[in-house]
Amino acid sequence: MRPDLKDEEDIKRLIDSFYDKVQSDDVIGYIFRDIAQVNWAHHLPRMYAFWSFLLLGTETYHGNPMDVHRRLHEKVPLTEAHFDRWLQLFHTTVDDLFEGQTAEDAKQRATLIAMTWKPKFVRGY
């Protein structure tokens, strides 16, 4: 039996594992490596804070992720396949590492993000 997500260390483990998969992925990895040229030392702590806010209720995240992705979309059109792959990788990572109510909540929140953002980017605003 895998543990549930319970604290900041679990969030860090989830996000680190997820972005390891993302960086080497054939479908979306190039967006992070070549287009966005992500500064991982800056990006990962922001993602820890974002997911900690969503799943643990911490007050550590401040930002507007939609604006960041809108600017990225101007550089490379984000497609349905990109969102679907992001979601698949996220769900797989959660399932590989965790199980329980907070793990399910993480997958549901990721699904809601993808479902909300995908039409905005794919079909336009």
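Distance OG1/Thr102 to CG/Asp4: 4.0 Å, rounded to 0.5 Å. Here Gln108 contributes atom CD and His91 contributes atom NE2; the two are 8.5 Å apart, rounded to the nearest 0.5 Å. To the nearest 0.5 Å, the span separating NE2 on His82 from NE2 on His69 amounts to 12.0 Å. Taking CZ from Phe50 and CZ from Arg46, the interatomic distance works out to 10.5 Å, rounded to the nearest 0.5 Å. Between atom CE of residue Met47 and atom CG of residue Leu14 there is a gap of 12.0 Å, rounded to the nearest 0.5 Å. To the nearest 0.5 angstrom, His73 atom NE2 is 13.0 Å from Ile35 atom CD1.
Counting heavy atoms from C-beta outward, Gln88 and Thr92 have side chains that approach closer than 4.5 Å. Two residues are said to be in side-chain contact when any heavy atoms from C-beta on lie closer than 4.5 Å; Leu78 and Trp117 fail this criterion.
If you look at Trp51 and Phe90, their ring centroids are closer than 6.0 Å.
With sequence neighbours excluded, the residues satisfying salt bridge (Lys or Arg N to Asp or Glu O under 4.0 Å) with Asp16 are Lys12. Residues that satisfy the side-chain hydrogen bond (donor to acceptor under 3.5 Å, both in side chains) test with Glu99, not counting sequence neighbours, are absent from this structure. When the side-chain contact (heavy atoms from CB on, under 4.5 Å) test is applied to Leu97, the partners found at least two apart in sequence or on another chain are Arg13, Ser17, Thr93. Residues satisfying the side-chain hydrogen bond (donor to acceptor under 3.5 Å, both in side chains) criterion with Asp105, sequence neighbours excluded, are Arg109. Every residue meeting the side-chain hydrogen bond (donor to acceptor under 3.5 Å, both in side chains) condition with Ser52, not counting sequence neighbours, appears here in chain and number order: Glu8, Thr58. Taking Asp20 as the reference, nothing meets the side-chain hydrogen bond (donor to acceptor under 3.5 Å, both in side chains) condition, with sequence neighbours excluded. In this structure Ala49 satisfies the side-chain contact (heavy atoms from CB on, under 4.5 Å) test together with Thr60, Tyr61, sequence neighbours excluded. Listed by chain and residue number, Thr79 satisfy the side-chain contact (heavy atoms from CB on, under 4.5 Å) test with Ala81 (two or more places apart in sequence, or in another chain). In this view, Lys6 and Asp10 satisfy the salt bridge (Lys or Arg N to Asp or Glu O under 4.0 Å) rule, not counting sequence neighbours. Shown here are the side-chain contact (heavy atoms from CB on, under 4.5 Å) partners of His62, two or more places apart in sequence or in another chain: there are none.
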Under the side-chain contact (heavy atoms from CB on, under 4.5 Å) rule, what do Leu54 and Ile113 come out as? Steps first, then yes or no, please.
-> CA-CA 11 Å; Leu54 288 180; Ile113 290 168; 4.2 Å; yes
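Linking ILVMFWY residues whenever their side-chain heavy atoms come closer than 4.5 Å, directly or via other members, leaves Val68 and Trp40 in distinct clusters. When the side chains of ILVMFWY residues are joined at heavy-atom separations under 4.5 Å, either directly or via intervening members, Val94 and Met115 end up in two distinct hydrophobic clusters. Tyr30 and Val27 fall within a single hydrophobic cluster, where Ile, Leu, Val, Met, Phe, Trp and Tyr side chains are chained together by heavy-atom contacts under 4.5 Å. Following chains of ILVMFWY side-chain contacts shorter than 4.5 Å, one cannot reach Leu112 starting from Met66, and the two form parts of different hydrophobic clusters.
Residue pairs meeting the salt bridge (charged side-chain N to carboxylate O under 4.0 Å, His left out) criterion with at least one partner in residues 85-97, sequence neighbours excluded, are Lys21-Asp96, Asp25-Arg85, Asp95-Lys107. Each salt bridge (charged side-chain N to carboxylate O under 4.0 Å, His left out) pair with one or both residues in residues 26-40, not counting sequence neighbours, would appear here, but there are none.
Shortest non-hydrogen contact noted between Trp86 and Ala110 is CZ3-O, 3.5 Å.
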